[in-house]
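See below for the structure under consideration.
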Amino acid sequence: MLIKDVAEKYGLSEDTLRYYERARIIPKAPRKPSGVRDYQSKDLEWIEHALCMRGAGLSIKALS
């Protein structure tokens, strides 16, 4: 799944997903040979977990 599709699915911006990777809130998504992020189901589970924790009030600092 491409980053734009993931962003749309979860109501996030692509920049937010990239930031979550840089902040180590979610693992880096694997990339296609072209360098484009290619999110798999395990990556989506990490995003869902991060969103759940953020929804519960945890800060970015607490998650990283």
Side-chain angles (χ1 to χ4, degrees):
M1 185 178 263
L2 299 176
I3 193 169
K4 67 178 185 155
D5 299 322
V6 174
E8 185 176 312
K9 176 179 176 119
Y10 293 107
L12 301 169
S13 69
E14 293 176 26
D15 286 336
T16 298
L17 289 168
R18 291 183 193 104
Y19 174 74
Y20 281 4
E21 282 186 12
R22 283 192 312 273
R24 297 183 180 189
I25 295 169
I26 60 173
K28 291 187 178 198
R31 295 181 181 250
K32 293 183 176 193
S34 63
V36 176
R37 286 172 177 84
D38 185 24
Y39 291 89
Q40 304 299 312
S41 60
K42 66 181 172 94
D43 304 307
L44 301 182
E45 289 173 11
W46 275 103
I47 293 167
E48 290 169 9
H49 177 75
L51 293 176
C52 180
M53 295 295 103
R54 292 286 292 144
L58 270 73
S59 67
I60 295 292
K61 185 176 180 179
L63 290 173
S64 58

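Values below: all heavy atoms of this structure, side chains included; hydrogens, waters and symmetry mates excluded. As the structure is a computational prediction, the values presented were derived from the model and not from experiment.
Here Arg18 pairs with Glu14 in a salt bridge; the nearest charged N to carboxylate O distance falls below 4.0 Å.
A continuous path of ILVMFWY side-chain contacts below 4.5 Å connects Tyr19 to Leu44, so both sit in one hydrophobic cluster. The hydrophobic clustering, which links ILVMFWY residues whose side-chain heavy atoms are closer than 4.5 Å, places Tyr20 and Leu58 together.
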From CA spacing to verdict: side chain to side chain contact (heavy atoms under 4.5 Å, CB included), Asp38, Met1: CA-CA 5 Å; Asp38 185 24; Met1 185 178 263; 5.5 Å; no
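Minimum heavy-atom separation, Ser59 to Arg54: CA-NH1, 3.5 Å. When all heavy atoms of Trp46 and Ile25 are compared, the closest pair comes out as CE3-O, 4.1 Å.
To the nearest 0.5 angstrom, Cys52 atom SG is 14.0 Å from Ile47 atom CD1. For the atom pair CG of Asp15 and CZ of Arg22, the computed distance is 7.5 Å after rounding to the nearest 0.5 Å. One finds the CG atom of Asp43 at 10.5 Å from the CG atom of Leu17 (value rounded to the nearest 0.5 Å).
Contact check for Leu2 versus Tyr39: no side-chain heavy atoms found under the 4.5 Å cut-off.
In the displayed structure, Arg31 atom CZ is contacted under 6.0 Å by more than 12 heavy atoms of other residues, nucleotides or ligands.
With hydrogens and angles disregarded, a donor-acceptor distance shorter than 3.5 Å links the side chain of Ser64 to the backbone of Ile60.
Under the side-chain contact (heavy atoms from CB on, under 4.5 Å) rule, Arg37 has a single partner from Lys32, Lys28, Glu21, which is Glu21.
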